[in-house]
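All of these numbers come straight from a predicted model, not from anything done at the bench.
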Amino acid sequence: MHMSAVMLLGGLVILAFAADRFVLAASRLSRLWGLSPVLVGALVVGMGTSAPELLVSTLAASDGELDLAIGNAVGSNVANVTLVLGVTALFSPLIGSARVLRREGVAMLAAVAGMAFVIYDLQVTRVEGIILLGSMVVAGTLIVRWARKDAAMGLTTAADRPPSDEDTAEPEVGEIDWRKEVGLGLLSLLATLAGAELLVVGGTGLAERIGVGSGFIGMTLVAVGTSLPELATSIAGIRRNENDLVVGNVLGSNLFNALAVAGMAAVISPGQLEARFQAGSLSMIACACLAGWFAFTGRKIVRWEGMLLFIGFIAFVLMSYTGGLEMR
């Protein structure tokens with residue numbers, strides 16, 4: 001138990017430092033290349049921090065554990081729009097641009113709805129998995145196209161945004177060494193994933209020793225553990241006044257989880273799901289819609305809305321622990 005606790009705390013420490021450096025590298029590269037921070041957040045940060053979900057679900061599906069693989073994707077999507085956005089908004093109100101919410105936000109809701117439709121009948125086929133993977137390619141293409149359109153129209157890119165207090169010591173665009181930032185960014189991402197793995201293993205070990213069921217671990221602890229890179233990078237991003245990068249991180253992560261992670265699991269190990277996934281899919285849509293509603297009203301998520309999202313996450317965990325997500 002002591003070793004599990006050490007791994008848990010060690011994972012948190014690694015995540016805190018590595019995620020901050022990862023966001024800094026992404027921010028500098030977006031300034032250097034004049035890219036939209038939403039593009040960097042959705043494709044680079046969002047999908048990069050979803051690597052734990054992809055790894056865990058792929059390994060689980062390869063072992064025939066489809067419920068764990070899909071449960072990780074469902075739980076991670078819930079955690080992203082409740083825990084990640086909720087906690088981030090508690091630190092500082094989270095403001096998103098209208099065009100981002102209309103485009104990337106709607107795309108994320110469509111992806112989550114598509115995944116929910118696939119799993120609601122409790123039967124996942126290989127064809128459905130291929131469709132989800134194909135949809136991920138389409139979504140990624142659209143995000144790139146939207147970012148290029150913004151740049152062509154002269155809309156704000158990362159190089160144009162007002163500097164935050166933490167940017168006062170930042171180098172000028174011409175002083176940024178892209179090779180150094182790419183290298184440090186990749187190392188930071190690897191460290192972030194390693195920290196998440198330590199936290200998942202340590203947390204799972206503690207949960208098993210205190211007698212918590214494996215179903216609860218799969219739907220909540222593993223999902224939350226693999227979502228910790230999103231949480232850490234979002235908090236680091238909001239500290240650096242990278243609101244669009246934070247929003248893009250969550251949107252990109254949920255897109256990747258719903259389409260790529262669930263799709264890969266379905267292709268590798270199609271089969272039957274537990275009855276709990278019917279209510280789980282509805283909870284996933286409800287949480288995404290609630291966060292979307294908060295974001296659309298005033299184009300920001302304020303602290304009291306962040307608190308409600310966090311409470312929603314706690315409710316999801318409690319329902320999972322008591323078996324409330326399983327339809328009877």
Side-chain angles (χ1 to χ4, degrees), residues 38 41-42 46 50 53 70-90 93-121 132 135-136 138-139 142-143 146 219-220 223-224 227 230-231 234 243-244 246-263 276-320 324-325 327:
V38 176
S50 285
E53 284 91 338
I70 299 296
N72 179 37
V74 172
S76 294
N77 278 353
V78 171
N80 284 342
V81 295
T82 55
L83 177 65
V84 174
L85 286 183
V87 171
T88 303
L90 288 176
L94 190 56
I95 303 172
S97 63
R99 68 180 186 280
V100 170
L101 297 174
R102 285 196 302 266
R103 299 180 320 198
E104 284 84 351
V106 171
M108 184 273 287
L109 289 175
V112 169
M115 176 188 172
F117 178 80
V118 167
I119 68 176
Y120 187 78
D121 64 355
L132 290 176
S135 299
M136 182 67 250
V138 173
L142 285 175
I143 291 174
W146 290 333
M219 183 70 82
T220 58
V224 170
S227 291
E230 285 90 340
L231 176 59
S234 291
N243 281 269
D244 277 349
V246 172
V247 173
N249 175 28
V250 172
L251 297 180
S253 180
N254 272 25
L255 267 171
F256 196 75
N257 290 340
L259 301 179
V261 175
R276 71 175 65 244
F277 282 97
Q278 286 188 324
S281 62
L282 296 178
S283 298
M284 180 176 62
I285 293 177
C287 291
C289 288
L290 179 62
W293 174 257
F294 286 160
F296 271 109
T297 54
R299 298 201 301 273
K300 63 182 178 180
I301 300 177
V302 296
R303 285 189 173 89
W304 72 267
E305 292 171 331
M307 178 59 70
L308 286 182
L309 290 174
F310 182 73
I311 292 173
F313 167 73
I314 298 298
F316 177 81
V317 172
L318 292 177
M319 289 175 65
S320 301
L325 285 179
M327 285 190 170

Check your understanding: So how far is it from R303 CZ to F310 CZ, rounded to the nearest 0.5 Å?
Key -> 15.5 Å
Review point. How close do V261 and A73 get, heavy atom to heavy atom, and via which atoms?
Key: CG1-CB, 4.1 Å
Review point. Hey, what do you get for CH2 (W304) to CG (L309), rounding to the nearest 0.5 Å?
Key: 9.5 Å
Check your understanding: How long is the gap from CE on M136 to CG on N257, to the nearest 0.5 Å?
Key -> 10.0 Å
**Study point:** Polar side chain donor-acceptor pair, N80 to S253, under 3.5 angstrom
**Key:** yes
Exercise for review: First locate atom CH2 of W293, then atom CD of E305, and finally report the distance between them rounded to the nearest 0.5 Å.
Suggested key: 10.5 Å
Considering only distance and modelled atom types, tabulate donor-acceptor pairs under 3.5 Å from the side chains of residues 81-88, sequence neighbours left out.
unit_1 : atom_1 : unit_2 : atom_2 : d
T82    : OG1    : V78    : O      : 2.5
T88    : OG1    : V84    : O      : 2.6

Revision key, fill the gap. Rounded to the nearest 0.5 angstrom, the CG-OG distance for L290 and S283 is 12.0 Å
Check your understanding: Once you round to the nearest 0.5 Å, how far does CD1 of I285 lie from CZ of F117?
Key -> 11.0 Å
Study note, to complete from the structure: Smallest heavy-atom separation, Y120 atom then S281 atom, equals CD1-OG, 3.4 Å
Point to revise | Distance-minimising heavy-atom pair for L259 and A139 | key: CD1-CB, 4.3 Å
**Study point:** Residue pair G306 / A89: nearest heavy atoms and the distance that separates them
**Key:** CA-CB, 3.9 Å
Review point. Where do M284 and N77 come nearest, in terms of heavy atoms and distance?
Key: SD-ND2, 3.6 Å
